[in-house]
2 protein chains.
Amino acid sequence: MEEIKTPDKREYILDVAERLFAEHGFEGVSIREISKAAAINIAMVSYYFGSKEKLYEEVVERKLIISNLLLSEIDKHEKYADKLFATVDVFINRLFENRQFQNIIFRELTIQHRSGMTDTILAQLHKNFSLLIEIIQKGVKNKEFKKVDIELTAMTVIAVIKTYTTSERMAYRILHLENAHSAFDVKYKNRLRKHLREILSNHLGIEEK
Amino acid sequence: MEEIKTPDKREYILDVAERLFAEHGFEGVSIREISKAAAINIAMVSYYFGSKEKLYEEVVERKLIISNLLLSEIDKHEKYADKLFATVDVFINRLFENRQFQNIIFRELTIQHRSGMTDTILAQLHKNFSLLIEIIQKGVKNKEFKKVDIELTAMTVIAVIKTYTTSERMAYRILHLENAHSAFDVKYKNRLRKHLREILSNHLGIEEK
DNA sequence: GTCTATATATGGATAGAC
DNA sequence: GTCTATCCATATATAGAC
């Protein structure tokens with residue numbers, strides 16, 4: 001009963017491709033390498049996806065969805081400070097989990113248009129930023145927060161998490177971590193979480209409980 | 001008297017190569033494209049630099065020097081708050097000026113070792129971070145600053161500037177700029193500068209003058 | 001669906017004339 | 001120093017057998 005589950009195989013190829021694209025960039029990997037790593041025949045890439053370009057696009061688009069699911073988690077809080085902290089936690093978790101994917105996204109932003117995909121990516125980033133911006137905006141209007149540069153405050157949150165997750169080796173060196181691979185341990189995730197809460201509390205004038 | 005100034009030509013090729021590598025990544029440009037853009041013969045790349053790899057390394061290494069020159073500017077301040085702000089200004093200016101180069105550096109960090117260059121880059125980044133870390137450290141010890149997570153505070157500064165300069169189009173969308181190319185105008189540079197000063201003042205407990 | 005074989009293009013590098 | 005011509009490796013993509 002050795003049935004081949006085609007959708008699983010597709011997903012698996014996409015997983016492998018995502019990792020390799022993240023590690024070496026689009027031009028840095030060949031479909032030969034991808035097929036070898038995914039243990040399939042080279043011709044299968046064309047068969048499943050049409051071309052290397054299409055495969056790449058599918059890798060990006062498949063994960064470029066906002067997890068609206070978690071928004072209910074945020075909405076249940078009453079104070080904007082708590083909504084904000086909950087949102088920050090969502091971002092930390094998401095960026096920690098998808099850091100290899102995020103490297104693809106980020107690289108796509110710095111590389112001169114490979115395709116019209118950049119617009120889709122920018123639209124998605126805009127949505128993510130908007131989550132933070134709206135909360136801060138309302139908190140300020142509500143006098144719960146001090147007046148600040150709202151957009152740059154939102155950018156600060158994303159920037160710190162993104163920079164932290166970008167390079168394990170950089171984090172290791174700069175932050176004097178225990179070992180080269182501990183940057184994404186719970187311990188250091190909490191350190192980052194605590195830092196961001198403090199930065200935001202101080203900046204927005206949120207009182208500690 | 002049409003004398004060809006060789007060192008200038010070398011520099012010119014490096015300039016062109018830097019721009020193209022920044023725009024498309026190492027594998028994303030061919031030496032054919034570089035030579036065409038620099039109006040030289042393809043064979044000249046090998047002649048001047050030995051190989052594409054060597055050219056790339058030279059592009060990186062030529063700018064990977066700390067500008068110690070500016071440190072005297074920082075040292076002349078008495079208060080650590082002023083030293084810190086002066087340092088932030090140095091970083092803003094440097095990252096604004098070298099943003100295409102910074103994209104190369106950043107990409108190099110996220111890409112799995114093309115060469116041993118990553119170590120050199122990490123060492124340089126470490127030095128840059130240390131500039132900030134030392135000032136914050138001394139300020140805290142001196143009770144001029146509140147106690148904070150020093151390394152992550154330094155990372156926050158670099159992260160915000162880096163993220164801002166990474167994508168003109170992102171900045172344009174998120175920050176609602178006047179036009180697509182104004183992100184690096186003095187006006188917005190000052191907006192970023194002001195934001196960072198406020199973030200740091202609030203976080204470190206620096207009193208406004 | 002899966003594979004081999006192949007068409008075709010493009011890449012980096014260099015030999016050798018000038 | 002500069003250029004043409006060319007070698008050779010590697011890339012994507014696909015035709016066609018199974």
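All values derive from a computational prediction rather than experimental measurement. Chain naming here is simple, since letters A, B, ... match the order of the sequence lines and numbering starts at 1 in each.
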Ring pair (Phe, Tyr, Trp, His ring centres under 6.0 Å) against Phe96(B), all qualifying residues, sequence neighbours excluded:
Tyr164(B), Phe184(B)
Ring pair (Phe, Tyr, Trp, His ring centres under 6.0 Å) partners of His203(A), counting only residues at least two apart
His195(B)
Where at least one partner belongs to residues 114-134 of chain A, residue pairs that pass ring-ring contact (aromatic ring centres under 6.0 Å, His included), sequence neighbours excluded:
none
Partners passing side chain to side chain donor-acceptor pair (under 3.5 Å) against Glu18(A) (at least two apart in sequence or in another chain)
Arg62(A), Lys63(A)
Terminal axes of the helix from dG1(C)-dC18(D) to dC18(C)-dG1(D) (5 end pairs apiece), angle rounded to 10 degrees, sit apart by 0°
Side chains of Thr110(B) and Arg107(A): is there a donor and an acceptor less than 3.5 Å apart?
yes
How does protein contact run along nucleotides 11-18 of chain C, one letter per nucleotide 5' to 3', with B for base contact, S for sugar-phosphate only, - for none, heavy atoms under 4.0 Å?
BBBB----
How many whole angstroms separate atom CZ of Phe49(B) from atom P of dG1(D)?
12 Å
Rounded to whole Å, CD1 of Ile34(A) lies from P of dA11(D) at a distance of 11 Å
Interatomic distance, Ile13(A) CD1 vs dT2(C) C1' [rounded to whole Å]
12 Å
Quiz: residues 35-45 of chain B side-chain donor-acceptor pairs under 3.5 angstrom, not counting sequence neighbours:
unit_1, atom_1, unit_2, atom_2, d
Ser35(B), OG, Ile31(B), O, 2.3
Ser35(B), OG, Arg32(B), O, 3.4
Asn41(B), OD1, Ala43(B), N, 2.9

Could you pull out all residues at least two apart from Asp89(A) that satisfy salt bridge (charged side-chain N to carboxylate O under 4.0 Å, His left out)?
Arg193(A), Arg197(A)
Across all chains, not counting sequence neighbours, the ring pair (Phe, Tyr, Trp, His ring centres under 6.0 Å) partners of Phe26(B) are Phe21(B), Tyr56(B)
Does Lys9(A) make a side-chain N or O approach to OP1 or OP2 of dT2(C) shorter than 4.0 Å?
yes
What is the separation between atom CG on Asp8(A) and atom P on dG1(C), rounded to the nearest whole Å?
12 Å
